[in-house]
Amino acid sequence: MSGYEKPSRGWGYCAPSPVLLLSVLTAAPLGLLGEETRQVSLKVISNWPDFSQNLLHIQAVGTNSTLHYVWSSLGPPAVLLVATNTPNSTLSVNWSLLLSSDPDGGLMVLPKKSIQFSSALVFTRLFEFDSTNMSDAASRPPGKSYPPYSLANFSWNNITDSLDPATLSATFRGHPVDDPTGAFANGSLTFRVQAFSTSGRPAQPPRLLHSADTCQLEVALAGVSPRGNRSLFGLEVATLGPGPGCPSMQELHSIDDEYAPAVFQLDQLLWSSLPSGFMQWRPVAFSQKQGSRESAMPCQSSPLYPTLAYLLPQSPIVRAFFKTQNNFCAFNLTFGASTGPGYWDQHYLSWSVLLGVGTPPMDALSPLILGIVAVALGAPALMLLAGGLFLLLGHKRYSEYQSIN
């Protein structure tokens with residue numbers, strides 16, 4: 001299948017489960033949900049006694065609302081975004097039902113009537129292209145297409161082993177179950193999920209502005225042997241929202257690139273409901289772990305297109321929560337260009353995206369840019385003021401001169 005063709009084939013009360021829990025008190029900007037502070041917790045919910053089957057639950061509790069982010073590597077990696085109008089909403093998981101052939105109702109947020117917004121993202125396929133003979137960076141597809149990797153056929157680590165309380169993060173690390181060429185023998189695909197206790201920015205580019213209402217995902221491909229000399233990689237993302245239509249894709253532009261050098265654009269996906277969910281990223285990926293201007297490579301996204309659930313790899317948590325709802329939309333991301341830099345430099349690429357519910361964080365002009373603008377606007381004003389004073393004082397001295405005649 002060509003990487004940029006629409007895919008042709010498929011995609012209650014809970015029993016006590018061992019749980020790892022971390023909670024911190026957070027302060028977040030006032031958003032559509034009307035909350036100023038949230039208590040954020042990270043939980044790993046495991047299927048006892050098989051601890052390799054687990055979910056990562058991020059819960060942000062405010063005075064009058066709760067945000068739930070449920071991450072899963074059952075099937076393709078996926079996340080549920082759910083917002084409720086009560087601080088007492090809970091996640092209910094019925095493992096026997098969730099892992100069955102008909103998982104409807106195996107995962108719920110209760111009480112159901114408190115749900116104000118719900119959506120899901122599913123990361124379905126990893127694409128690979130050989131761009132050796134491609135000179136047009138904007139071409140579609142960006143090179144010879146290799147058979148895509150279906151992320152539903154990956155084996156993933158036990159998320160409990162990667163839980164990091166200090167950074168409120170956990171990492172899903174995977175590789176294909178069937179890898180006849182050994183491409184993933186020394187490499188892996190990782191999904192690093194991070195929650196936040198306060199508003200701020202990460203230390204590494206692209207330094208997306210976050211709050212306690214959001215969580216960040218970093219997708220990284222490292223050590224995987226490419227099938228081409230100058231391979232580009234891409235990712236297929238499917239989304240399911242509260243309405244029948246696709247979310248809207250927006251491009252925001254700025255004169256400020258202090259937080260992501262040479263990147264003046266911010267892309268975001270917005271659902272058309274209130275409150276709304278969002279997905280926000282800068283159109284840049286990196287070919288080195290320490291992201292820099294030198295290792296930055298373009299991230300290009302395709303338009304969204306509607307598709308059906310049976311055409312995509314299936315996610316049990318999405319089927320369990322949304323039941324028969326199947327109005328999916330999908331889009332593709334491509335990382336890099338044939339001109340480089342590229343994955344081939346160090347066999348590494350990473351890309352970050354912010355997920356949230358409510359008002360998306362908006363970048364204000366940095367102090368550096370404000371200083372430059374102030375100098376640029378202030379210098380002419382000072383010159384005008386000085387010229388006016390000179391003329392005024394010069395005229396005054398002349399008017400006081402008395403002729404000796």
Side-chain angles (χ1 to χ4, degrees), residues 7-21 42-59 68-82 84 89-115 118-125 149-161 163 170 172-178 189 191 193 236-242 307-330:
S8 57
R9 290 190 61 84
W11 114 245
Y13 174 78
C14 62
S17 301
V19 168
L20 296 181
L21 170 63
L42 224 65
K43 301 179 184 179
V44 175
I45 305 175
S46 300
N47 178 26
W48 186 87
D50 186 356
F51 293 99
S52 64
Q53 297 172 331
N54 41 49
L55 306 173
L56 179 66
H57 180 208
I58 297 173
Q59 182 172 294
H68 299 269
Y69 299 94
V70 185
W71 293 85
S72 168
S73 59
L74 303 173
V79 58
L80 297 176
L81 293 77
V82 183
T84 69
S89 59
T90 59
L91 177 67
S92 172
V93 180
N94 183 323
W95 278 103
S96 60
L97 191 57
L98 182 62
L99 299 177
S100 69
S101 59
D102 185 11
D104 290 2
L107 185 149
M108 298 182 289
V109 172
L110 302 174
K112 291 184 179 180
K113 63 180 180 180
S114 69
I115 296 175
S118 60
S119 183
L121 292 170
V122 187
F123 301 89
T124 50
R125 294 180 179 91
Y149 296 101
S150 174
L151 301 188
N153 298 327
F154 271 45
S155 173
W156 302 89
N157 66 312
N158 187 338
I159 191 68
T160 305
D161 298 335
L163 191 70
F172 296 90
R173 186 180 304 276
H175 57 82
V177 174
D178 183 19
L189 176 67
F191 287 72
V193 179
E236 181 183 56
V237 184
T239 176
L240 180 65
T307 186
L308 297 175
Y310 76 91
L311 298 175
L312 300 168
Q314 297 291 298
S315 167
I317 66 166
V318 175
R319 287 186 59 196
F321 186 85
F322 287 97
K323 300 182 180 179
T324 57
Q325 189 174 345
N326 65 356
N327 48 310
F328 281 85
C329 294

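Rounding to the nearest 0.5 Å places CG of Asn157 at 8.0 Å from CG of Asn54. Put simply, CG on Asn153 and CZ on Arg125 are 10.0 Å apart, with the number rounded to the nearest 0.5 Å. The structure places NE2 of His68 at 11.5 Å from CG of Leu81, a figure rounded to the nearest 0.5 Å. Between the CZ atom of Arg173 and the CD1 atom of Ile159 there is a distance of 10.0 Å, given to the nearest 0.5 Å.
Summarising the geometry of Gly241 relative to Ser119, their closest heavy-atom pair is CA-OG, 3.7 Å, with the distance given to 0.1 Å. Across every non-hydrogen atom of Gly106 and Ala320, the tightest pair is N-CB, 3.8 Å. Smallest separation of non-hydrogen atoms from Ser118 and Pro242: O-CD, 3.6 Å.
Looking at heavy atoms from C-beta onward, Phe123 lies out of side-chain contact with Leu189 at the 4.5 angstrom threshold. With a 4.5 Å cut-off on side-chain heavy atoms, Phe328 and Thr124 do not count as touching. Two residues are said to be in side-chain contact when any heavy atoms from C-beta on lie closer than 4.5 Å; Val70 and Phe321 fail this criterion. A 4.5 Å side-chain heavy-atom check between Leu240 and Asn327 finds at least one atom pair inside the cut-off. Proximity of Arg319 to Asp102: side-chain heavy atoms (C-beta onward) are separated by under 4.5 Å at one or more points. Using a 4.5 Å heavy-atom threshold, the side chains of Leu98 and Val93 count as touching. Using a 4.5 Å heavy-atom cutoff, the side chains of Tyr69 and Leu42 are not in contact. Between Ile45 and Leu91, the closest side-chain pair of non-hydrogen atoms falls below 4.5 Å.
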Output a table of donor-acceptor pairs, distance under 3.5 Å, between side-chain atoms of residues 71-80 and any protein atom two or more places apart or on a different chain; print 'none' if there are none.
| from | atom 1 | to | atom 2 | distance (Å) |
| --- | --- | --- | --- | --- |
| Ser72 | OG | Leu74 | N | 2.9 |

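The aromatic rings of Phe191 and Trp156 lie perpendicular to each other, with more than 60° between the two planes, well past the 30° mark.
Counting only distance, with no hydrogens or angles, the side chain of Ser46 and the backbone of Trp48 share no donor-acceptor pair below 3.5 Å.
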